[in-house]
A.B. asks: 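Okay, here's the structure, questions in a sec.
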Amino acid sequence: MDQNHGMSGKQSGKGPIGIALLAGLLVFAAAWPAWAGQPSLQSSEAAAVSASTGFADAADQAILADQDQAGQESVNGSADGFDEFDEFDEFDGETGSKPVADPLSGYNRWMTGVNDKLYFWALKPAATGYAKVTPAVARRSVGRFFKNLGYPLRFVNNLLQLKIRRAGVETARFVVNTTVGVAGFADPARWWMDMEAYPEDFGQTLGFYGVKSGFHLVLPVMGPSNLRDAVSKIPDRFLNPVAYVDPSEASIAISAYDRINYTSLHLGEYESLKKDAVDWYIFLRNAYEQNRKKKIQE
């Protein structure tokens, strides 16, 4: 009985940890004015596609880029994060040397439509309301905090690909930003030491060792993927610290808050891309596959 009582006490003690983490994050974000003069978040090509289709997961955090905005910010704390799409050919996957394998195109188109509705009916309204009551500087700081939490994913996959120097830079960044940067809410490693992050995930690691992408697959909420990357989200999840927060409801709430915060910094970008696309599904599919190929080759 004593043993059971001890286990029960241990489990009951985990719940407040997750709740306290979420509450502390919200309070800290609202009260963080010290870094107001620092640059805002800008998405990479892959992050832009991810932002347009659903909530963040562990792999998303690995590709959040915190780059200079050439001295400019929008009202929402976001600059044009889609410069890399300027040379993107929407139908390159159809006319290139190797078309994208898409045997599930019917399902994929349908799920793209579902994710599109989730964006307009749930994610965008939540992010818009959040942006109205939370200063952009606080939201950018929260974005840096979650990016810092992505260190295990980046470090392990750089190491698995034998990118030793990059793994060392990731470790140095994590130490500096966690201490001097106050848990990662600031990024002095980049601002003062010119140390950039090196995003890697398990899908990229498999691709590095020659595993093919397989057929294209659109995931509920998460958006464009392929067979290799979809399976890779499982080990990626084990490297996401948020996945270990108890209770599970708190973990889900923290991940949802991360996605809402990220989207609030990129409002309007999804609509801009969609407006100019001839075929929205083909655009997202080919953008994703081309970006993943590029990331693996780097």
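What you see below is based on every heavy atom in this structure, not just the backbone, and it leaves out hydrogens, waters and symmetry mates.
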A.B. asks: When you measure from the side chain of S264 to the backbone N and O of N261, does any donor-acceptor pair fall under 3.5 Å?
C.D. replies: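 A pair under 3.5 Å: yes.
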A.B. asks: Sub-3.5 Å donor-acceptor pair from the side chain of R228 to the main-chain atoms of V211, do we have one?
C.D. replies: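 Checked: pair present.
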A.B. asks: Show your working on side chain to side chain contact (heavy atoms under 4.5 Å, CB included) between F146 and I254 and close with a plain yes or no.
C.D. replies: CA-CA 10 Å; F146 280 109; I254 292 171; 3.7 Å; yes
A.B. asks: Got a donor-acceptor contact below 3.5 angstrom from the N158 side chain to the R154 backbone?
C.D. replies: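 Checked: pair present.
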A.B. asks: Looking at every non-hydrogen atom in both residues, tell me the closest pair between M111 and P220 and how far apart they are.
C.D. replies: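 Shortest heavy-atom contact: SD-CA, 3.7 Å.
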A.B. asks: With distance as the sole criterion, is a donor-acceptor pair present between the side chains of N148 and T178 under 3.5 Å?
C.D. replies: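 Yes, a side-chain donor-acceptor pair sits under 3.5 Å.
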A.B. asks: If you look at every heavy atom in F155 and A167, which pair is closest and at what distance?
C.D. replies: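 That closest heavy-atom pairing would be CD1-O, 3.5 Å.
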A.B. asks: Would you mind reporting whether V156 and F202 have side-chain heavy atoms less than 4.5 Å apart?
C.D. replies: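 Heavy-atom side-chain distance check fails, nothing below 4.5 Å.
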A.B. asks: Do side-chain atoms of E170 reach the backbone of Y198 as a donor and acceptor pair under 3.5 angstrom?
C.D. replies: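 Flag set: sc E170 to bb Y198 pair under 3.5 Å.
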A.B. asks: For the backbone of L217 and the side chain of N226, can you confirm whether one donor and one acceptor N or O come within less than 3.5 Å of each other?
C.D. replies: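 Judged by distance alone, no pair lies under 3.5 Å.
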A.B. asks: Work out which heavy atom in G214 is nearest to a heavy atom in L227; give both atom names and the distance.
C.D. replies: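 Of all heavy-atom pairs spanning G214 and L227, the closest is CA-CB, 4.3 Å.
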A.B. asks: Give a yes or no answer on whether the side chain of T134 reaches the backbone of Y130 with a donor-acceptor pair at less than 3.5 Å.
C.D. replies: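 Looks like yes, one N/O pair under 3.5 Å.
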A.B. asks: Considering the options K233, R292, K295, which one meets the salt bridge (charged side-chain N to carboxylate O under 4.0 Å, His left out) requirement together with D201?
C.D. replies: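 With D201 as partner, K233, R292, K295 yield a single salt bridge (charged side-chain N to carboxylate O under 4.0 Å, His left out), made by R292.
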A.B. asks: Take the angle between the ring planes of W110 and Y107 and call it parallel below 30°, perpendicular above 60°, tilted in between.
C.D. replies: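 If you compare the ring of W110 with that of Y107, the planes turn out tilted.
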A.B. asks: Nearest heavy-atom pair of G203 and I296: which atoms, and what distance?
C.D. replies: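 Minimum heavy-atom separation between G203 and I296: O-CD1, 4.4 Å.
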A.B. asks: Where the side chain of N108 meets the backbone of H216, is there a donor-acceptor pair that is under 3.5 Å apart?
C.D. replies: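 Yes; judged by distance alone, with no hydrogens or angles, the pair exists.
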A.B. asks: Over all heavy atoms of both residues, which pair between A230 and S225 is shortest? Give the atoms and the distance, please.
C.D. replies: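 Of all heavy-atom pairs spanning A230 and S225, the closest is N-OG, 3.3 Å.
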A.B. asks: Is any side-chain heavy atom of N177 closer than 4.5 Å to one of K147?
C.D. replies: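 Counting from C-beta outward, K147 and N177 never come under 4.5 Å.
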A.B. asks: Could you check if a side-chain atom of E200 sits within less than 4.5 angstrom of a side-chain atom of L160, using non-hydrogen atoms only?
C.D. replies: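 No, too far: nothing below the 4.5 Å cut-off.
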A.B. asks: Surrounding NZ of K212 (heavy atoms of other residues, nucleotides or ligands, distance under 6.0 Å), is the total greater than 12?
C.D. replies: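 No, the 6.0 Å shell around NZ holds no more than 12 heavy atoms from other groups.
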A.B. asks: Using every non-hydrogen atom in the two residues, find where V176 and P188 come nearest and quote the distance to one decimal.
C.D. replies: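 Scanning both residues completely, I find the closest heavy atoms to be CG1-CG, 3.9 Å.
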A.B. asks: For L153, does its backbone N or O pair with a side-chain atom of N157 as donor and acceptor, under 3.5 Å?
C.D. replies: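 Side chain of N157 to backbone of L153, a donor-acceptor pair under 3.5 Å: yes, one is there.
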A.B. asks: Just by distance, do the side chain of R109 and the backbone of Y281 share a donor-acceptor pair under 3.5 Å?
C.D. replies: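 No; zero donor-acceptor contacts below 3.5 Å.
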A.B. asks: With the side chain counted from C-beta on, respond yes when E298 and Q204 share a heavy-atom pair under 4.5 Å apart, and no when they do not.
C.D. replies: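 No, side chains not in contact.
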A.B. asks: A side-chain contact here means heavy atoms from C-beta on lying under 4.5 Å apart; do K124 and E271 qualify?
C.D. replies: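 They are in side-chain contact.
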A.B. asks: With heavy-atom distances below 4.5 Å as the criterion, would you say the side chains of Y119 and T263 are in contact?
C.D. replies: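 Yes, side chains in contact.
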A.B. asks: Using only heavy-atom distances, determine whether the side chains of T171 and Y151 contain a donor-acceptor pair under 3.5 Å.
C.D. replies: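 Yes, side-chain donor-acceptor contact under 3.5 Å.
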A.B. asks: Nearest 0.5 Å, please: how far is CG in L239 from CD1 in I234?
C.D. replies: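 So the gap between those two atoms works out to 13.0 Å.
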A.B. asks: One pair to check against side chain to side chain contact (heavy atoms under 4.5 Å, CB included): Y288 and D229. What are the steps and the verdict?
C.D. replies: CA-CA 11 Å; Y288 179 85; D229 293 345; 2.6 Å; yes
A.B. asks: Would you indicate whether F238, at its atom CZ, is surrounded by more than 12 heavy atoms from other residues, nucleotides or ligands within a distance under 6.0 Å?
C.D. replies: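 Open: at most 12 neighbouring heavy atoms sit under 6.0 Å from CZ of F238.
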A.B. asks: Counting C-beta onward and ignoring hydrogens, is there a side-chain heavy-atom pair between R173 and D187 closer than 4.5 Å?
C.D. replies: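 They are in contact (side-chain heavy atoms under 4.5 Å apart), so the answer is yes.
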A.B. asks: Looking at side-chain heavy atoms only, is the closest gap between E289 and S213 below 4.5 Å?
C.D. replies: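 The answer is yes, as the side chains (C-beta and beyond) meet within the 4.5 Å cut-off.
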A.B. asks: Test of understanding: clusters of I, L, V, M, F, W, Y form through side-chain heavy atoms closer than 4.5 Å, transitively. Do V114 and V218 belong to the same one?
C.D. replies: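 Result: yes, single cluster for both.
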A.B. asks: Using modelled atom types and a 3.5 Å cut-off, is there a donor and acceptor pairing between side-chain atoms of R144 and backbone atoms of F185?
C.D. replies: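 At least one qualifying donor-acceptor pair exists.
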